[in-house]
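Mind having a look at this structure? Questions to follow.
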Amino acid sequence: MKIGIVCYPTFGGSGVVATELGKALANKGHQVHFITYSQPARLDFFSENLFYHEVAIAQYPLFDFPPYETALASKLVDVVRFENLDLLHVHYAIPHASVAFLAKQILATYGINIPVVTTLHGTDITLVGKDKSFSPVVTFSINQSDGVTTVSESLKEQTLDYFTINNHIEVIPNFIDLQRFHNKNHEHFKKAIAPNNERIVVHTSNFRKVKRVDDVVRIFHKIIQEIPSKLLLVGDGPERRKAEELARELGITDCIRFLGKQDAIEEILSIADLFIMPSGSESFGLAALEAMACKVPVISSNTGGLPELNVQGFSGYLSDVGDIDDMASKAIHILTEDQVLQQFKENALIRAQDFELSKIVPHYEEFYEKVVEKVKKGN
Ligand code: GMT
């Protein structure tokens with residue numbers, strides 16, 4: 001199949017999933033065309049089946065807001081027509097689903113009926129999408145898509161709750177490439193970070209409010225009252241400064257390293273003993289799955305899709321959003337005894353294996369086939 005993929009090419013989870021999906025589909029012999037405004041962060045290798053089309057946005061003094069949507073729609077029309085694509089798969093509803101709808105209408109004037117699949121990832125529904133300034137367009141474009149997927153049952157339910165949806169929604173969870181994400185022996189690195197054999201706690205995110213990075217610092221503060229540990233904070237974003245200030249206030253900067261944005265997340269996860277994800281809202285929690293794949297148990301909130309991933313008392317623990325005391329005491333339970341920690345580490349990997357790439361990607365292929373068939377038959 002010839003597939004066009006539209007996504008945010010940055011470090012966000014939706015862009016990562018879209019890029020990994022494209023790479024996996026290309027490996028399986030599909031021809032995949034990425035159509036984005038810059039090269040997707042994880043599109044880092046050559047394959048004869050992978051193509052990248054950059055959306056160039058013209059600058060003009062009149063444009064206070066450069067018309068990205070118009071440029072993207074025009075590019076989609078061009079790529080679908082001249083590369084003879086069979087299907088467009090857009091990730092993150094805003095603005096990609098409505099842009100795909102516009103491109104589809106334009107393509108119809110050329111006699112092309114391009115099937116459009118929209119994947120909803122999280123904040124496009126739970127945070128940004130349901131805002132009144134976007135919701136009419138989000139509702140319309142979800143209903144107009146030929147196929148809609150969400151990354152968890154929870155996100156499907158929230159989509160149906162927040163919007164008036166008359167379209168079927170297929171749940172296809174996030175997946176993990178265990179060839180890349182697995183525990184690697186990095187004793188030298190571990191020794192450098194934790195010279196006295198302290199436990200290593202990790203959090204990775206884009207440091208937005210919804211990630212509650214402050215909670216990570218506060219939970220860690222409680223952990224080190226009981227167990228010598230180090231905290232690695234990976235990523236960057238608007239809440240980083242606040243977290244740094246909190247660490248200074250609590251007097252624990254010696255135990256915390258802010259590593260900023262990192263590509264080789266799996267290298268860092270390989271030396272970790274615990275991953276903390278206290279998010280206020282999380283449709284799936286791909287970063288937690290990446291940790292579990294590297295044998296790192298997870299302390300998470302019980303919001304959104306996290307209970308569909310993290311299994312209470314097996315791969316880690318879940319607590320109510322903001323319940324720092326509970327998260328800290330569960331973290332301490334996991335970290336105190338070597339034997340208990342080892343068991344949680346093994347379990348984390350077992351749970352991650354349920355989401356192995358080879359188990360999930362075929363669901364997308366089957367869904368594409370269904371959607372193409374439906375569009376061919378005229379819905
Ligand atoms: O919040 C992020 O980390 C980025 C965001 C995105 O859409 O780029 O991530 C969302 O999509 C990921 C991939 O499907 C999910 O694993 C994350 O749970 C989801 N984030 C939220 O719901 C907050």
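Values below: all heavy atoms of this structure, side chains included; hydrogens, waters and symmetry mates excluded. Indexing begins at 1, ligand by ligand and atom by atom, following the structure's order. Throughout, residue positions are numbered sequentially from 1 according to the sequence presented. Treat the numbers as computed from the prediction; the structure is a model and nothing was measured.
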* Asked: Is the NZ or CZ atom of Arg81 both under 6.0 Å from the centre of the six-membered ring of Tyr110 and within 45° of that ring's axis?
  ->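 Checked: cation-pi criterion met.
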
Taken in chain and number order and not counting sequence neighbours, the residues that satisfy salt bridge (Lys or Arg N to Asp or Glu O under 4.0 Å) with Glu267 are Lys184

Those residues at least two apart in sequence (or on a different chain) that pass side chain to side chain donor-acceptor pair (under 3.5 Å) with Lys211 are Glu282

Exactly one candidate in Phe314, Phe275, Tyr317 meets ring pair (Phe, Tyr, Trp, His ring centres under 6.0 Å) with Phe344; the answer is Tyr317

What about Phe220 and His203, are their ring centers closer than 6.0 Å?
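Centroid separation for Phe220 and His203: 6.0 Å or greater.
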
Under 4.0 Å from ligand 1, residues with heavy atoms, in chain and number order, are Gly12, Gly13, Ser14, Val17, Tyr92, His121, Gly122, Thr123, Val151, Asn174, Asn206, Arg208, Lys211, Ser281, Glu282, Ser283, Phe284, Gly285, Leu286

- Query: Residues two or more places apart in sequence or in another chain: which of them pass salt bridge (Lys or Arg N to Asp or Glu O under 4.0 Å) with Asp323?
  - Reply: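 Salt bridge (Lys or Arg N to Asp or Glu O under 4.0 Å) check on Asp323 returns nothing, list empty.
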
